[in-house]
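A note on names: the letters A, B, ... follow the listed sequences, proteins ahead of strands, and every chain is numbered from 1. All of these numbers come straight from a predicted model, not from anything done at the bench.
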Amino acid sequence: MLDRTYLRENPDEVRDALENRGADVDLDEILAIDERWRELKARGDELRHERNQITQQIGTYVAEGNEEKREQAIEQSRELKGEIEEVEAEADDLQEELQERLLEVPQVPHESVPLGLDERHNVEDRRWGFDDLRELPGEVVPHYELGEEMDIIDEERGAKTTGAGFYFLKGDGARLEHALIQFMMDVHREQGYVDLFPPVPVKSASMRGTGQLPKFADDAYRLGDSNDEDYDDEDLWLCPTAEVPVTNMYAGDILLDDDLPLKHQAYTPNFRREAGEHGTETRGIVRVHQFNKVELVNFVRPEESYDRLEGLLDEAEEVLRRLGLPYRILELCTGDLTFASAKTYDIEVWAPADDMDDGPEEGGRWLEVSSASNFEEFQARRAGLRYRPERHESAEYLHTLNASGLALPRVMVAILEYYQNEDGTVTIPEALRPYMDDQELIEGHEKVGESALGAGKRE
RNA sequence: GCCAGGAUGGCCGAACGGUAAGGCGCACGCCUGGAAAGCGUGUUCCCUUUGGGAUUCUGGGUUCAAAUCCCAGUCCUGGCGCCA
């Protein structure tokens with residue numbers, strides 16, 4: 001959420017910034033509401049002042065036993081009460097509306113963010129790992145075919161038990177998932193992250209704190225009620241990213257200056273509705289309703305947040321470097337920033353199987369595995385995350401940042417495709433082998449059930 | 001789930017229905033050769049800041065007036081029950 005005073009004092013700057021994002025916000029209306037609210041607030045304060053004085057007088061009259069003056073004052077106070085109620089009722093309505101409007105105003109982009117309308121204007125900073133590629137099969141089999149063939153990814157049965165967009169990992173597939181989680185958390189622990197295992201359902205208030213609500217209710221899974229119904233602060237949602245529980249963990253708290261920078265990592269499942277996202281680009285496990293992710297969340301002093309963003313990006317990249325997976329770094333343009341973010345880098349891993357137009361010259365395509373973002377005060381103001389820079393001074397909002405480190409299914413896609421061998425097996429990246437009992441190769445499993453017979457996969 | 005008790009500033013902790021003591025911490029000032037002690041001031045948010053308003057977990061109610069009385073909720077503690 002933006003600061004009201006800042007908004008009041010820099011309307012043109014904010015207007016430009018929001019326009020650059022392509023945000024549809026009527027700033028003038030917000031400012032008009034604020035203006036009117038301040039008038040009423042001043043009037044209400046005045047009336048209350050009057051009444052406070054009268055009420056105090058009554059106390060004196062009672063002590064003196066001055067019956068007549070007491071009655072008179074009480075009558076006066078009653079009158080004022082009605083007037084105050086009227087003025088304040090309107091002020092409260094405006095205040096509430098202002099609050100609602102402000103919750104829907106996105107973050108102002110940082111000055112260094114490239115201008116642009118959408119993803120086409122994102123700027124590629126650099127690539128890693130393409131100079132020394134491993135030798136790939138003549139025809140790389142897409143992960144969804146290979147995964148089914150090897151019987152390590154079972155989408156059909158996931159759809160059966162739960163629905164489209166859910167899948168089983170099996171055998172070496174499931175094992176690879178666990179290995180990746182442990183591996184990633186070890187890497188980040190080396191980088192100074194403290195592990196968290198958060199609760200998976202989160203309250204509406206938490207979702208609001210990080211910016212998922214109120215605007216993006218449709219993307220989330222709500223527990224116990226339809227997304228169309230009104231929700232309360234206490235209503236629960238399935239965690240869409242560990243960013244939500246972890247960032248809100250310190251909501252309303254005042255951290256000590258010494259606590260910062262505070263770095264947490266959390267592994268959780270993530271649930272997203274992804275309505276209407278079906279097609280060739282999303283075949284397999286590239287876009288699913290439930291996936292695992294190790295999330296990195298940083299709480300830092302405001303003046304350090306942009307340095308930390310670079311550090312955070314590097315910490316997330318480290319996972320791909322150790323896995324030997326080629327990737328690139330994008331700087332998101334103003335039009336492609338997420339709601340709460342002031343600046344974002346995307347990390348996109350290379351998945352060589354499906355040739356797509358916007359992929360690299362080597363073929364294949366890019367898959368986003370992480371977004372490293374600086375939210376500055378935006379989430380801190382919503383969630384009430386503060387710290388005290390100097391002991392005697394008042395508490396200030398800190399800055400929050402986060403990045404995936406990384407989203408697992410897409411990393412798995414990259415491994416299954418990039419580490420694929422001519423004979424259809426997959427070499428396990430060296431860094432992962434210690435987590436898989438030094439296994440070097442994924443060869444797959446014999447399929448189970450009568451359908452395997454009919455397909456000629458079993459005899 | 002039931003019963004009982006509780007929630008007051010950064011922290012601790014008082015307050016017959018009459019308008020939030022005191023202490024600690026921290027900062028600044030005075031004092032001092034310097035420090036400690038002592039003394040003074042300050043230490044939540046909002047507004048149109050020589051001033052005013054709000055604020056005792058949250059939301060309602062009673063009253064001229066609520067930290068205080070009533071109702072509902074949240075969380076914490078203890079006891080009982082249930083339970084992987």
- Nucleotide forming a Watson-Crick or wobble pair with B:A65, both distances under 3.5 Å: none

- With both distances under 3.5 angstrom, what nucleotide forms a Watson-Crick or G-U wobble pair with B:C80? B:G1

- Message: Using atom C1' in both nucleotides, what's the gap between B:G13 and B:C24 to the nearest angstrom?
- Response: 10 Å

- Query: Partners of A:D195 by salt bridge (Lys or Arg N to Asp or Glu O under 4.0 Å), sequence neighbours excluded?
  - Reply: A:R189

- Message: Between A:W237 and A:Y231 (judged by ring centroids, cut-off 6.0 Å), do the two rings come close enough to count as a pair?
- Response: yes

- Query: For B:G59, what is the paired nucleotide under Watson-Crick or G-U wobble rules, both distances under 3.5 Å?
  - Reply: B:C71

- Item | B:A21 to B:C30 separation - P atoms, rounded to the nearest Å | 28 Å

- Message: Suppose you measure atom P in B:U56 against the same atom in B:A65; what distance do you get, rounded to whole Å?
- Response: 16 Å

- Check each residue of residues 45-53 of chain A for a non-hydrogen atom within less than 4.0 Å of any atom in RNA chain B, then write out the ones that pass by number, or none. A:D45, A:R48, A:H49, A:R51, A:N52

- Task: Give a yes/no verdict on a cation-pi contact between A:R273 and A:Y221, requiring under 6.0 Å between NZ or CZ and the six-membered ring centre and an angle within 45° of the axis.
- Result: yes

- Task: Please identify each residue that fulfils salt bridge (Lys or Arg N to Asp or Glu O under 4.0 Å) with A:E100, with sequence neighbours left out.
- Result: none

- Starting at atom CD of A:Q99, determine the distance to atom C1' of B:C45, rounded to an integer number of angstrom. 14 Å

- B:U50 pairs with, by Watson-Crick or G-U criteria that keep both distances under 3.5 Å: none

- For A:E331 and A:K343, run salt bridge (charged side-chain N to carboxylate O under 4.0 Å, His left out): C-alpha distance rounded to whole Å, both residues' side-chain angles, the deciding distance at 0.1 Å, then the answer. CA-CA 8 Å; A:E331 218 170 303; A:K343 185 181 175 77; 3.2 Å; yes

- Task: Give the rounded distance in Å between these two atoms: CD of A:E85 and P of B:C64.
- Result: 12 Å

- Check: A:F299 ring centroid to A:Y387 ring centroid under 6.0 Å: no

- Note on the structure: A:F168 meets the side-chain contact (heavy atoms from CB on, under 4.5 Å) criterion, sequence neighbours left out, with A:D154, A:R157, A:T161

- Message: Check whether A:R301 reaches the backbone of A:L260 with its side chain - one donor and one acceptor, N or O, closer than 3.5 Å.
- Response: yes

- Query: How would you list all residue pairs meeting salt bridge (Lys or Arg N to Asp or Glu O under 4.0 Å) that involve residues 206-216 of chain A, not counting sequence neighbours?
  - Reply: A:R208-A:D233

- Closer than 4.0 Å, any side-chain N/O of A:K41 to the OP1 or OP2 of B:G52? no

At a cut-off of 3.5 Å, list every protein nitrogen or oxygen paired with a nitrogen or oxygen from nucleotides 70-73 of chain B, distance to 0.1 Å.
none

- Query: In whole Å, what separates the C1' atom of B:U55 from that of B:G59?
  - Reply: 15 Å

- Message: Taking salt bridge (Lys or Arg N to Asp or Glu O under 4.0 Å) as the definition, give me every residue that meets it alongside A:R51, ordered by chain and number, with sequence neighbours left out.
- Response: none

- Query: Quick one: side-chain contact (heavy atoms from CB on, under 4.5 Å) partners of A:V25, sequence neighbours excluded?
  - Reply: A:L18, A:A23, A:I30, A:V105, A:P106

- Message: Taking B:G38 as the reference, what is the distance to B:C45 when you measure between their P atoms (whole Å, please)?
- Response: 29 Å

Set out, line by line, the N/O atom pairs under 3.5 Å between protein and nucleotides 6-15 of chain B.
| residue | atom | partner | partner atom | Å |
| --- | --- | --- | --- | --- |
| B:G10 | O4' | A:R388 | NH2 | 3.0 |

- Query: Does anything in residues 70-79 of chain A reach RNA chain B, meaning a heavy atom under 4.0 Å, and if so which residues?
  - Reply: A:I74, A:S77, A:R78

- Is A:E29 close to A:R101 at the side-chain level, that is, under 4.5 Å between some pair of heavy atoms? yes

- Task: For B:C76 and B:C69, measure between their P atoms and round to the nearest Å.
- Result: 24 Å

- Item | B:G9: pairing nucleotide in any strand, Watson-Crick or G-U under 3.5 angstrom | none

- Query: Which part of the nucleic acid, if any, lies within reach of A:R4 when heavy atoms closer than 4.0 Å are counted: base, sugar-phosphate only, or nothing?
  - Reply: nothing

- Sequence neighbours excluded - ring-ring contact (aromatic ring centres under 6.0 Å, His included) pairs with any residue from residues 29-88 of chain A: none

- Message: Using atom P in both nucleotides, what's the gap between B:C12 and B:C64 to the nearest angstrom?
- Response: 37 Å

- Item | side chain to side chain donor-acceptor pair (under 3.5 Å) partners of residues 306-318 of chain A, not counting sequence neighbours, each pair once | A:R126-A:E317, A:Y193-A:E315, A:K263-A:E315, A:N298-A:R308, A:Y306-A:E376, A:R308-A:E315, A:E310-A:Y345, A:D314-A:R321, A:E317-A:R321, A:E317-A:Y327, A:E318-A:R321, A:E318-A:R322

- Message: Using the rule given for salt bridge (charged side-chain N to carboxylate O under 4.0 Å, His left out), can you reason through A:D34 versus A:R4, listing the C-alpha separation, both sets of side-chain angles and the distance that settles it, and then say yes or no?
- Response: CA-CA 8 Å; A:D34 180 58; A:R4 260 154 80 177; 3.7 Å; yes

- B:C26 -> Watson-Crick or G-U wobble partner, both distances under 3.5 Å, gives B:G42

- Item | Whole-Å C1' distance, B:G5 and B:A37 | 42 Å

